[in-house]
Amino acid sequence: MIQEYNIRVLPEVAANEQRLIDYLVNEKGLNKKEINATRILKRSIDARQRTVFVNLTVRAYVNEVPKDDEYRHTVYNNVEGRPQVIVVGAGPGGLFAALRLIELGLRPIVVERGKDVRERKKDLAQISRTQAVNPESNYSFGEGGAGAYSDGKLYTRSKKRGNVDKILNIFCQHGASTSILVDAHPHIGTDKLPRVIENMRNTILQCGGEVHFQTRMDALLIEGDEVKGIETNTGQTFLGPVILATGHSARDVYRWLAANNVEIEAKGIAVGVRLEHPAHLIDQIQYHNKNGRGKYLPAAEYSFVTQVEGRGVYSFCMCPGGFIVPAASGPEQIVVNGMSPSNRGSRWSNSGMVVEIRPEDLENEELGMKNEELLQTGEGGSSLNMLFLQEHLERLCWQQGNRRQTAPAQRMADFVNRRLSADLPESSYAPGLIASPLHFWLPPFIANRLAKGFQQFGRNARGFLTNEAVMIAVETRTSAPVRIVRDRDTLQHVRLRGLFPCGEGAGYAGGIVSAGVDGERCAEAAAQYCEVL
Ligand SMILES: Cc1cc2nc3c(=O)[nH]c(=O)nc-3n(C[C@H](O)[C@H](O)[C@H](O)COP(=O)(O)OP(=O)(O)OC[C@H]3O[C@@H](n4cnc5c(N)ncnc54)[C@H](O)[C@@H]3O)c2cc1C
C-alpha cells in the first residue's frame with residue numbers, strides 16, 4: 001500500500017528519514033515494521049511565525065517497495081540524416097530547443113560563440129586576476145549561457161506547470177539532484193551545473209546533432225521574406241530554419257537586426273544594484289532567531305517588492321549563501337550579478353535590487369538620457385534606446401570603478417542617508433570594491449526610488465536596512481532591452497519566415513526555466529515549419 005500525507009514538521013524531523021518515520025508512526029498510526037521506504041514529494045519552508053516549520057508531502061511505502069522512477073525519462077532517438085535546424089546559442093533556450101528537436105525527429109546544429117563550459121571557467125577566473133573580460137567567453141557567453149555559472153534557481157512564475165515539470169525532469173535525467181522536483185524553490189548550484197550542461201551536450205552529440213563552439217553567428221542569410229541559414233565568423237555557412245537563442249547580452253546581434261531592418265522593439269527593463277548582507281544576518285531576520293538558521297535549515301531567502309512613484313522596486317534573483325560576480329560581457333563595462341554553490345554555504349547573501357524602467361521613461365530628465373548622443377534616434381536607434389541606457393550605466397560604473405572591474409560600492413544605510421561610506425565591509429565580489437557615492441551619481445530616477453524602496457523593506461523586515469549591507473553597482477542585465485517581435489501562433493518572426501526568436505534575448509523569457517520552456521516551444525514551431533509535426 002502507498003500512503004501520501006501532507007504534514008507540517010520541525011526542520012530536524014524533515015531532515016532525517018528515521019525521525020520522519022517515527023513521526024508517521026506516532027501521528028498517523030503506521031506500523032514501523034511495515035514501512036519499507038518514504039519519499040518526499042514536495043517540500044517548502046514556512047518561516048512566517050517564530051517557530052519555523054517545514055511543509056512536506058510525503059509518500060510512505062507500506063509493505064511495498066518503490067517501483068516508480070524518481071523522475072520521468074525523455075527518449076532521445078538518433079536523428080542522423082534528418083532535416084536540420086540551426087540553433088544559435090547554447091544557453092538554456094538553445095539547449096532545450098536542441099533536445100526537443102531531437103525528440104521530434106529533427107537534427108539540431110548548435111552554434112555557440114563561447115567556449116565549452118569547462119574551458120569557459122578559466123576565463124571567468126581571469127576576470128578577477130587580470131581585470132579584463134574576454135568578449136567571447138564570460139558570465140554571459142559560453143556553453144550553458146548566462147545560467148551556467150549562476151545560482152541555478154529553477155523557480156518561475158510560469159503557470160504552465162506541465163512544461164516546467166518537463167524541464168526539471170530533463171535536468172534530473174542529465175544529472176541534477178531529484179531534490180529539484182521536490183523543493184518549492186529548487187536550485188542546482190554553480191558547482192553542479194557544468195556537469196549537467198555537459199551531459200545535455202553529450203545527448204545532442206550522441207543522437208547525431210552537432211555543437212560548434214567558438215563559432216559566432218555574424219549574419220542571417222535572408223532571401224526575400226525567408227531566413228535560409230546563418231553565416232559565422234569562422235567563414236562557415238549553416239543552412240536551415242534558425243532558432244535564435246542568443247540571450248540578452250548579444251548586443252551585436254541586436255545591432256545587426258536593427259541595421260538590417262529586421263523588426264525589433266524597445267522593451268522595459270529593471271536596473272539597480274546588487275545588495276549583499278552577511279548571510280547570518282538574513283538568517284536571523286528571516287528565521288526570527290538570533291542564532292540564525294541552525295543545523296537543519298538552508299540559508300534564508302527573501303523577496304521584496306513595492307511601488308515607488310509609479311514604478312516597481314523589487315529584489316531580483318536572490319542568491320542566499322552566494323557570491324557577487326563580475327558579469328560584464330565586454331570592455332569598459334561593469335555589470336554585477338549573483339551565483340551560489342549547491343550548499344549555499346558562503347558567508348554572504350545577495351540579491352539584485354532594481355527599479356522598473358519603461359521605454360517612455362527615457363524622456364524623463366532624471367534618467368539622464370535626454371542628451372542627443374545617448375538617446376540615439378537614427379536608424380534602428382529608438383528600438384535600441386533601452387540598450388543604450390544599459391550601456392551608458394555600465395560605462396558610467398566602469399568609470400567610477402577606476403576603469404577596472406573594481407566595482408563602486410556604498411554601505412546601504414549610508415546610501416539612504418546620502419553619505420559617502422568611510423570604509424566598506426568584507427565582500428564576496430572577487431575583483432574588489434571601491435567606496436563611491438552611488439546616491440550622487442546614479443540617475444535620480446533610480447537612486448531616489450531605491451532609497452525609498454529600502455526604507456520600505458527596512459520597515460517590513462527589521463534589521464534589513466543596515467550599514468552591514470553593501471550595495472554594489474550596477475545591475476543592468478535583468479532582462480532583454482529589446483523584443484525581437486514574433487507571431488503569437490507560429491512563433492516565427494513577424495515578417496521573416498524560418499526565423500524563431502527564442503528565450504530571454506528575444507524578450508519572451510526571463511530565467512533558466514522559462515528560457516528552457518520557450519526553447520521547447522520554438523523547437524515545436526520549427527518542426528511544424530519543417531512539416532514533421
Ligand atoms: C550570473 C548570473 C546568474 C543567474 N542566475 C540565475 C538563476 O539562478 N536562475 C535563473 O532562472 N536565471 C538566472 N540567471 C538568468 C539566466 O541565466 C537567463 O535568464 C537564461 O540563461 C536565459 O537563457 P537564454 O538561453 O535565453 O540565453 P542565454 O543564457 O543568455 O544564452 C545565450 C547564448 O547565446 C550565445 N550567443 C550569443 N550571441 C551569439 C552569436 N552571435 N552566435 C552564437 N552564439 C551566440 C551566448 O554565448 C550564450 O551562450 C542568471 C544570469 C547570470 C548572468
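Predicted model only: the values in this text are computed from it and were never measured.
- Each ring-ring contact (aromatic ring centres under 6.0 Å, His included) pair with one or both residues in residues 11-42, not counting sequence neighbours, would appear here, but there are none.
- Remark: His174 engages Thr203 in a side chain to side chain donor-acceptor pair (under 3.5 Å) (not counting sequence neighbours).
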Q.
Assess the residue pair Thr38 and Glu17 against the criterion (side chain to side chain donor-acceptor pair (under 3.5 Å)); give the C-alpha distance rounded to whole Å, side-chain angles, the decisive distance to 0.1 Å, and a yes or no.
A. CA-CA 8 Å; Thr38 59; Glu17 192 180 12; 2.7 Å; yes
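- The pair Glu210-Arg107 meets the salt-bridge criterion, with a side-chain N (NZ, NE, NH1 or NH2) lying under 4.0 Å from an Asp/Glu carboxylate O.
- Applying the ring-ring contact (aromatic ring centres under 6.0 Å, His included) rule to Tyr508 yields no partners; only residues at least two apart in sequence or on another chain are considered.
- Side-chain contact between Val25 and Asn31: absent, with no pair of heavy atoms (C-beta onward) separated by less than 4.5 Å.
- Here the side chains of Cys530 and Leu106 are in contact, with some heavy-atom distance below 4.5 Å.
- In this structure, Asn467 contributes its side chain and Ala413 its backbone to a donor-acceptor pair below 3.5 Å.
- The residues Glu198 and Arg195 are annotated as not salt-bridged, no charged nitrogen and carboxylate oxygen being separated by less than 4.0 angstrom.
- Contact check for Val325 versus Tyr429: no side-chain heavy atoms found under the 4.5 Å cut-off.
- Under the side chain to side chain donor-acceptor pair (under 3.5 Å) criterion, Thr178 pairs with Glu70, sequence neighbours left out.
- In terms of the side chain to side chain donor-acceptor pair (under 3.5 Å) criterion, residue partners of Arg8 (sequence neighbours excluded) are, by chain and number, Asp46.
- The existence of a salt bridge linking Arg486 and Asp518 is confirmed by a sub-4.0 Å separation between a basic side-chain nitrogen and an acidic carboxylate oxygen.
- Legend: residues meeting side chain to side chain donor-acceptor pair (under 3.5 Å) with Ser346, ordered by chain and number and at least two apart, are absent.
- Under the 4.5 Å side-chain criterion, counting only non-hydrogen atoms from C-beta, Phe171 is in contact with Ile512.
- The shortest heavy-atom contact between Phe213 and Gly114 is CB-O, 3.5 Å.
- For the pair Glu356/Arg449, no side-chain contact is recorded, criterion being any heavy-atom separation below 4.5 Å from C-beta on.
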Q: Run the numbers on Tyr149 and Phe323 for ring-ring contact (aromatic ring centres under 6.0 Å, His included), then give the verdict.
A: CA-CA 11 Å; Tyr149 291 97; Phe323 300 90; over 10 Å; no
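- Side-chain contact between Ser479 and Lys267 is present, with at least one heavy-atom pair separated by less than 4.5 Å.
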Please list every donor-acceptor pair under 3.5 Å in which a side-chain atom of residues 59-66 meets a protein atom from a residue at least two apart or in another chain.
{"unit_1": "Arg59", "atom_1": "NE", "unit_2": "Glu4", "atom_2": "OE2", "d": "2.9"}
{"unit_1": "Arg59", "atom_1": "NH1", "unit_2": "Tyr61", "atom_2": "OH", "d": "3.3"}
{"unit_1": "Arg59", "atom_1": "NH1", "unit_2": "Asp68", "atom_2": "OD2", "d": "2.7"}
{"unit_1": "Arg59", "atom_1": "NH2", "unit_2": "Glu4", "atom_2": "OE2", "d": "2.9"}
{"unit_1": "Tyr61", "atom_1": "OH", "unit_2": "Asp68", "atom_2": "OD1", "d": "3.3"}
{"unit_1": "Glu64", "atom_1": "OE2", "unit_2": "Met1", "atom_2": "N", "d": "2.7"}

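- Between Asp165 and Arg72 there is no salt bridge, since no side-chain nitrogen of the basic residue lies less than 4.0 Å from a carboxylate oxygen of the acidic one.
- Ile45 places a side-chain heavy atom less than 4.5 Å from the side chain of Leu297.
- For Tyr5, there are no ring-ring contact (aromatic ring centres under 6.0 Å, His included) partners at least two apart in sequence or on another chain.
- Listed by first and then second residue, the salt bridge (Lys or Arg N to Asp or Glu O under 4.0 Å) pairs that reach into residues 142-156 are Glu143-Arg201, Asp151-Lys153, Asp151-Arg344, sequence neighbours excluded.
- In this structure, CG in Leu193 is found 4.5 Å from CD1 in Ile188, a value given to the nearest 0.5 Å.
- Shown here are the side chain to side chain contact (heavy atoms under 4.5 Å, CB included) partners of Lys452, two or more places apart in sequence or in another chain: Val308, Glu309, Gln455.
- Tested against Glu276 for a side-chain contact (heavy atoms from CB on, under 4.5 Å), the candidates Ser351, Cys319, Ser427 yield a single pass: Ser427.
- For Tyr302, the ring-ring contact (aromatic ring centres under 6.0 Å, His included) criterion is met by Phe304, Phe464, not counting sequence neighbours.
- Taking 4.0 Å as the cut-off between side-chain N and carboxylate O, Glu520 and Lys166 count as a salt-bridged pair.
- Ser140 approaches Ser249 most closely through the heavy-atom pair OG-OG, 3.3 Å.
- Counting heavy atoms from C-beta outward, Asn337 and Glu475 have side chains that approach closer than 4.5 Å.
- By the ring-ring contact (aromatic ring centres under 6.0 Å, His included) test, His288 is found to be paired with no residue, residues two or more places apart in sequence or in another chain being considered.
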